[in-house]
Amino acid sequence: MTDTTPTPESSSTKKQPPTILCIGMAGSGKTTFMQRINAHLHSKKTPPYVLNLDPAVGNLPFTANIDIRDTVNYKEVMKQYNLGPNGGILTSLNLFTTKFDQVLNFVEKRADSVSHILVDTPGQIEIFTWSASGAIITDTLAATYPTVIAYIIDTPRTTSPATFMSNMLYACSILYKTKLPFILVFNKTDVVSHDFAVEWMTDFEKFQDALRRDTSYMSSLMNSMSLVLDEFYQHLKVVGVSAVTGQGIDEFFTAVDEAADEYEKEYKPEIERMIRIKVGKEEKERQEQLNRLMKDVEVSKGAEVSLEKGERK
Ligand SMILES: Nc1nc2c(ncn2[C@@H]2O[C@H](COP(=O)(O)OP(=O)(O)OP(=O)(O)O)[C@@H](O)[C@H]2O)c(=O)[nH]1
């Protein structure tokens, strides 16, 4: 019988489908965007594999291959653990994460036949971005698949320099936390074009002008922070889309392809290096434990320990 277990080399050279993690503030249009990109891939006859990680979503306008709601009922979790809505969502995500190895097995079985893996995250952004389970899910997916963050922004609600800046700072914190290729998706461009945002990101003076016009108490704080963000913008891809009309979706997928290439060239070697360090550390600890055990055996001169005295009759 031949052994079909993939070696680390064969699995790392196999082309894996890019994973798109959709993250965004409540109401930014994540679910509508997921519906749009899912429909787009189906229309191209390159269907994706879809995961829904939002336990509180009422009506999902697309079919998810794996839906957290099939595993945990967040209203029951709220009752059982006496929690409010956010605690209920977080606990449901934690419970689901304990089974994530099984989820990965399902994904792996289909990885050869799907074009992308799409992941919708809970509406309350911090539940995914600042929780241990969110980090475990992100890191586990990113260890195998070229994983890309699609950060969805509600463009019409980001036109003031203050909201724009807070949104960018939030995106910046997610970029540095996940250390993954990042696409800023300016959604709802059917209502307001994202040109102002591109201008602010590429021309520092233009953003400074906008800040000067903004007389809110935050403007001096933002003035200094905008200098920091200039460096952050270098690491981003920016696209404007409308999840409702479908405009900009082709550009979004071009950005995903580029981000997936970036993952292979820059991020994957770093992720593999971190995994090697972790495995090396575990191996060292195991070896130390073994050495301690061998020492104990030496001290007792290998004499057998009688269990008879300790047995209760
Ligand atoms: N005009 C316009 N409206 C949009 C677009 N995308 C989403 N919306 C609307 O924005 C609202 C929020 O969209 P959702 O897809 O539910 O947003 P969400 O981020 O999943 O919201 P949560 O469930 O709170 O996480 C809905 O009323 C959508 O119809 C868009 O591209 N253009």
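In each ligand, atom 1 is the first atom listed, and ligand 1 is the first ligand listed.
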| Expected output: side-chain Thr163 to main-chain Thr159 donor-acceptor under 3.5 Å | no
| request: With sequence neighbours left out, write down each residue that passes side-chain hydrogen bond (donor to acceptor under 3.5 Å, both in side chains) with Asn65, or none if nothing qualifies. | output: none
| query | Looking at Asp120, Leu93, Thr97, which hits side-chain contact (heavy atoms from CB on, under 4.5 Å) with Leu53? | reply | Leu93
| task | Keeping the roles fixed (side chain from Thr46, backbone from Leu41), state whether a donor-acceptor pair exists under 3.5 Å. | result | yes
| message | List the residues meeting side-chain contact (heavy atoms from CB on, under 4.5 Å) with Phe204, not counting sequence neighbours, and say none if there are none. | response | Gln208, Ser226, Leu227, Asp230
| What does the list of residues with a heavy atom under 4.0 Å from ligand 1 look like, ordered by chain and number? | Met25, Ala26, Gly27, Ser28, Gly29, Lys30, Thr31, Thr32, Gly123, Asn187, Lys188, Asp190, Val191, Ser242, Ala243, Val244
| request: Name all residues meeting the side-chain contact (heavy atoms from CB on, under 4.5 Å) criterion together with Lys75; count only those two or more places apart in sequence or in a different chain, and write none if there are none. | output: Asn73
